[in-house]
There are 2 protein chains.
Amino acid sequence: MAGLAGVSQATVSLVLSARGDGRAAAISEETRRRVLDAARSLGYVPDPAARRLAAASNNLLGVFSFTATFPTDVQHSYYPFLVGVEQEAAARGYDLVLFTGSSPGGAGAAGPDALSRVRLADGCLFLGRHVPRAELKRLVADGFPVVHLGRREELEGLAWVGADYVNASREVVDHLAELGHRRIVLVREDDDAPASTDRQRGFLDGLAAAGIAGGPGAVLRCADPARELTARRVGALAADGVTAFVAEETDTGAAWRALNAAVREAGLSCPGDVSLGLLGSPPADLAARPVPMGFDIPRHRLGAAAVRLLAALVAGEEAHEPLVACEFRAGETAGPPAPPR
Amino acid sequence: MAGLAGVSQATVSLVLSARGDGRAAAISEETRRRVLDAARSLGYVPDPAARRLAAASNNLLGVFSFTATFPTDVQHSYYPFLVGVEQEAAARGYDLVLFTGSSPGGAGAAGPDALSRVRLADGCLFLGRHVPRAELKRLVADGFPVVHLGRREELEGLAWVGADYVNASREVVDHLAELGHRRIVLVREDDDAPASTDRQRGFLDGLAAAGIAGGPGAVLRCADPARELTARRVGALAADGVTAFVAEETDTGAAWRALNAAVREAGLSCPGDVSLGLLGSPPADLAARPVPMGFDIPRHRLGAAAVRLLAALVAGEEAHEPLVACEFRAGETAGPPAPPR
DNA sequence: CCGGTTGGTTAATGCGCATTAGTAATGCGC
DNA sequence: GCGCATTACTAATGCGCATTAACCAACCGG
């Protein structure tokens, strides 16, 4: 231990774990220097496990992902989140521990104690849908700082950050309303995930704010968009006065794909005859022109927000606003409505 | 502690940390069951920090990158390596610690002790060119297990893994020779990085093996390929009997770009009039058709190899072969040479 | 010259576990 | 019935640190 090179042991601890703020502890400048020098020359570093055991903290934030953190399929990865996570963690002086949760062949994956390794860090961020509830609940119940990336309200007391789909969807409708559209239809899939219901709520809010009657016809709920959303149906709606369509974003992008196909087949031009909006980002294979009007989920900001929240929890502070605003994207698929015939 | 619910304490430890293999310790079946039941009903989980403290190894592998690990610019990131690193680490039961070395605003970034945090893990992987030599040397000298991703021979005793450019480049030439080409020219930039010289060596080896005279004209070294590699020059070479060109891969892809442009301008068709090879992967913006003949650096395998090597060092074993073979890519830019006129 | 005070340092304690030496209980042979 | 081996468990120790009470020196006012 560095104590030999210097003078004592507890002193080393006092020097190395000196809190930057507040009272600068009772250590003479000379001693401090001696200790630091010795530590450097010996390459001494306090053992994080010991630090943690001794009821302190070790400046480590865990990241536990239930799909491989670095999947081979980059498309559906958490990479964009991690960009923000890493930046924010670095800015706050934390290092990251990647718990390789259930990677292919993952080690600690199986057992019920897979999650317990996480306690090695000061707190932990969870990514992915398939987090075992029981385990997570225990962590929360034990007062271990935990933040879930993505909305997660069913679990009492679990902190989370998510994107504000309601307001973002509302902005899309606002935009269409400002352009002059009075008949707008939402195409969504038949799914009750919060991400879907949030978007619908924002959509309806937007209609209401614009003084447009929602009515049951304003939302098209399709179990199989590709089959149900035919060119004929879209054509009929357009003929009936609908001038704008909005589709929700999902993993598959089915609603958006079907909507686009139907509009094209119906012989309608996009910004000209009807305006289209996408409540999210386009799937990778449709990312090229034309850029859809809609919004982007600020994944890196979400990651950063999650770290901020986690850091606050670790520090014993209270949680703040968990919703992060999305970024409106003007795109090229929305314009003034065609004059009625 | 679960001891109360059961009978003792050390017994709990014996039960819970029972090694599956070997001698099943001296615990009666009944006691074992009692302990397990109690543990389950109390939701007891051994504190990993304490375990590590007592066991003296923490199953953590460090990853220290001198550019942000998750850069905003995904193109030039270490992401592909990390895919392999994570998989291999997971497979071996290690967790990863990301030392946010010099991320923008990084915390421990500045000080000379930035690297010493690394000792927290059982060993550490280093990515990036700008690793401070002195610090690294200290780690190595102290016997701390260190592996550098990318060739690094100047530092005595530093373990590293790298791609085998020599053999990969040679294979490219072999392929051309088999197709019947007898006059092949290498276009490279004016840089003495090992990645460049390795490729040239492999190229020359390939020529020699095919019984083709290397001669000084076989290698075109350009400080500024875009300017020096004109259509006229390429045309002249082709007229002189050169039937195949090979370009080295660099960050910018300048040599490959210039070669392609020159061939096109010279009015030469690619697999028809001349064959082209790229010693590496095409830059992202040229990744579409036509796929160049050449080789791919198996980044994820490199990452995995690095972890294997590091794990071996941690276990006190000796290092193995540091070179990882590249994958030959037939592509669409090479064919039999045009018959001489 | 003494009690009081402050600044600087250390000895001692405990975090929760793995490990090892040691104890109690039982079985076995002679 | 006594030694001796086995089996089943426990007491004790230490991992490396943070923390805290305690200690020592010097200094100060009275």
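By convention in this document, chain letters (A, B, ...) are assigned in the order of the sequence lines, proteins followed by strands, and residues within each chain are numbered from 1. Fair warning: this is a prediction, and the values are worked out from it, not measured in the lab.
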* To do: Count the heavy atoms belonging to other residues, nucleotides or ligands that lie under 6.0 Å from CD of B/Glu317, then report whether that count exceeds 12.
  =>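 Above 12, so yes.
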
Let me know the distance between [atom1] of [X] and [atom2] of [N], rounded to the nearest Å.
X        : N      : atom1 : atom2 : value
A/Leu14  : C/dT10 : CG    : P     : 10 Å
A/Asp47  : C/dC15 : CG    : P     : 18 Å
A/Asn58  : D/dC17 : CG    : C1'   : 12 Å
A/Glu29  : C/dG8  : CD    : C1'   : 13 Å
A/Arg119 : C/dC15 : CZ    : P     : 17 Å
B/Gln9   : D/dC9  : CD    : P     : 15 Å
B/Tyr44  : C/dG16 : OH    : P     : 9 Å
A/Leu16  : D/dT19 : CG    : C1'   : 15 Å

* Please answer whether the main-chain N or O of B/Gly93 pairs with a side-chain N or O of B/Asn59 as donor and acceptor at a distance below 3.5 Å. =>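 Flag set: sc B/Asn59 to bb B/Gly93 pair under 3.5 Å.
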
* Is a donor on one side and an acceptor on the other found under 3.5 Å between the side chain of A/Asp198 and the backbone of A/Ala163? ->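 It does not hold such a pair.
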
Measuring to OP1 and OP2 of [N], would you say a side-chain N or O of [X] lies under 4.0 angstrom away?
X       : N      : answer
A/Thr31 : C/dG8  : no
A/Ser13 : D/dC17 : no
B/Arg51 : C/dA18 : yes

* In a check of side chain to side chain contact (heavy atoms under 4.5 Å, CB included) between B/Leu302 and each of B/Ile297, B/Leu323, B/Val85, B/Val307, which one passes? ->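 Exactly one pass, corresponding to B/Ile297.
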
* Of B/Thr11 and B/Ala50, whose nearest nucleotide on DNA chain C comes first from the 5' end? ->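 First, find each residue's nearest nucleotide; the 5'-ward one identifies B/Ala50.
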
* To do: Measure from the side chain of A/Ser8, starting at C-beta and using heavy atoms only, and say which of D/dT10, C/dT10, D/dC17 lies closest.
  =>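 Among D/dT10, C/dT10, D/dC17, the one nearest the side chain of A/Ser8 is C/dT10.
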
* Asked: What's the closest nucleotide to the B/Leu53 side chain, out of C/dA18, C/dG16, C/dA11?
  ->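 Closest nucleotide to the B/Leu53 side chain: C/dG16.
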
* To do: Would you mind checking if B/Glu29 and B/Arg33 are paired as a salt bridge, meaning a charged N to carboxylate O distance below 4.0 Å?
  =>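 Salt bridge: no.
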
* Please round to the nearest 0.5 Å and tell me the distance separating atom CG of B/Leu136 and atom NE2 of B/His148. =>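 Rounded to the nearest 0.5 Å, the CG-NE2 separation comes to 7.0 Å.
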
* Asked: When Watson-Crick pairs (N1 to N3 and N6-O4 or O6-N4) and G-U wobble pairs (N1-O2 and O6-N3) count only below 3.5 Å on both distances, what is the dot-bracket string of DNA chain C, with | for other-strand pairs?
  -> ||||||||||||||||||||||||||||||

* Asked: For A/Glu154, what residues pass the side-chain hydrogen bond (donor to acceptor under 3.5 Å, both in side chains) criterion, not counting sequence neighbours?
  ->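 Here the qualifying residues are A/Arg133, A/Arg152.
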
* Take B/Ala54 and B/Ser28, find for each the nucleotide of DNA chain D with the closest heavy atom, and name the residue whose nucleotide sits nearer the 5' end. =>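 It is B/Ser28, whose closest nucleotide lies nearer the 5' terminus.
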
